[in-house]
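Each remark here refers to the structure printed beneath this line.
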Amino acid sequence: MKSVHTPLPSVELRVPTEEDARHWHRAFSHPDVMEFHGGAPAELSVYDELTARQRRHHAELGFCLYTLVDPADGAVIGFTGAQPWPHDWGPAGEIEIGWRLGRAYWGKGYATTAAQAALESVRTAGVRHVVAMVDARNERSLAVTRRLGMRRAETVITPKGQRTAYCHRLDM
């Protein structure tokens, strides 16, 4: 059987704007999107703070969690990028790459394409390795880590919810 290669979609990354807090809030309001991120959609104030923090990261570090935009229609798809691991457990002190997409954009290659672009911005900023913490049940994100060439380095039990997560690493 002949393998069919589907080209990856085109994406655009931008430093999050204040307006993007509303876009992220709307894109992530589906329960499937939040299944591995606390279960319930977050309040708009969470995204207000998160987008503000990402603007600071970009100014101070040269990278952040970028707003992911579909260049075809300008729709906000979600985010991808990197930031310092924000917790005192797990890979504390490491730079974490991550992604989150609106439900309508799953399974189309956006996460992989955007993560590859985000890795380039992190590499340009001088970061030599990144981690990705992924819930052990999140097969879609685990597949993205494999496509990025990441290797599973450790298993972590999360303090909140006592869930199993895998810490993946990538040397750049």
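Throughout, residue positions are numbered sequentially from 1 according to the sequence presented.
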For this session: Take atom CD of Glu18 as the centre, draw a 6.0 Å sphere, and report whether it contains more than 12 heavy atoms from other residues, nucleotides or ligands.
Result: no

For this session: Check whether more than 12 heavy atoms from other residues, nucleotides or ligands sit under 6.0 Å from atom CZ of Arg146, and answer yes or no.
Result: yes

For this session: Calculate, to the nearest 0.5 Å, the distance between atoms CZ and CE belonging to Phe36 and Met133 respectively.
Result: 14.0 Å

Exercise. Any side-chain heavy atom of His57 sitting closer than 4.5 Å to one from Phe63?
Worked result: no

Seminar exercise, completed: Residues Ala42 and Met34: closest non-hydrogen pair is N-CE, 4.4 Å

Exercise. Heavy-atom distance under 4.5 Å between the side chains of Leu61 and Pro84, does that happen here?
Worked result: yes

Seminar exercise, completed: Residues passing the side-chain contact (heavy atoms from CB on, under 4.5 Å) test with Val69, sequence neighbours excluded, are Glu12, Arg14, Thr67

Problem set entry | Considering all heavy atoms, the nearest Ala114-Leu68 contact | CB-CD1, 3.6 Å

Problem set entry | Same cluster (ILVMFWY, side-chain, under 4.5 Å), Tyr47 and Ile77 | yes

Exercise. For Gly161, does its backbone N or O pair with a side-chain atom of Thr158 as donor and acceptor, under 3.5 Å?
Worked result: no

Exercise. Mind checking whether Val15 and Arg55 have side chains closer than 4.5 Å, heavy atoms only?
Worked result: yes

Exercise. What are the two closest non-hydrogen atoms of Ser10 and Pro71, and how far apart are they?
Worked result: O-CD, 3.3 Å

Problem set entry | Met150 with Val156, same ILVMFWY side-chain cluster at under 4.5 Å | no

Exercise. Same hydrophobic cluster for Leu101 and Leu148, using side-chain heavy-atom links shorter than 4.5 Å among ILVMFWY?
Worked result: yes

For this session: Locate the shortest heavy-atom distance separating Ala115 from Ile97; write the atom from each residue and the value.
Result: O-CD1, 3.7 Å

For this session: Output yes when a side-chain donor or acceptor of Ser121 lies under 3.5 Å from a complementary backbone atom of Ala118, and no otherwise.
Result: yes

Exercise. Shortest non-hydrogen contact from Ala21 to Asp48?
Worked result: CB-OD1, 3.2 Å

For this session: Give every residue pair that meets the salt bridge (charged side-chain N to carboxylate O under 4.0 Å, His left out) criterion with at least one member in residues 79-106, sequence neighbours excluded.
Result: Asp32-Arg103, Glu94-Arg169

Exercise. Taking the inter-plane angle between the rings of Trp24 and Phe79 on a 0 to 90° scale, is it parallel (under 30°), tilted (30 to 60°) or perpendicular (over 60°)?
Worked result: tilted

Exercise. Does Asn138 reach the main-chain N or O of Ser141 with its side chain, forming a donor-acceptor pair under 3.5 Å?
Worked result: yes

Exercise. Is it true that a side-chain atom of Trp106 and a backbone atom of Tyr110 form a donor plus acceptor pair closer than 3.5 Å?
Worked result: no

Problem set entry | pair Met172-Val130: side-chain heavy atoms closer than 4.5 Å | yes

For this session: Treating Ile, Leu, Val, Met, Phe, Trp and Tyr as nodes and any side-chain heavy-atom pair under 4.5 angstrom as an edge, say whether Ile95 and Val134 lie in one connected cluster.
Result: no

Problem set entry | Centroid-centroid under 6.0 Å between His58 and Tyr66 rings | yes

Problem set entry | Test side chain to side chain donor-acceptor pair (under 3.5 Å) applied to Glu49 - qualifying residues, sequence neighbours left out | Arg53

Problem set entry | Point-to-point distance, once rounded to the nearest 0.5 Å, from CZ of Phe28 to CG of Leu50 | 8.5 Å

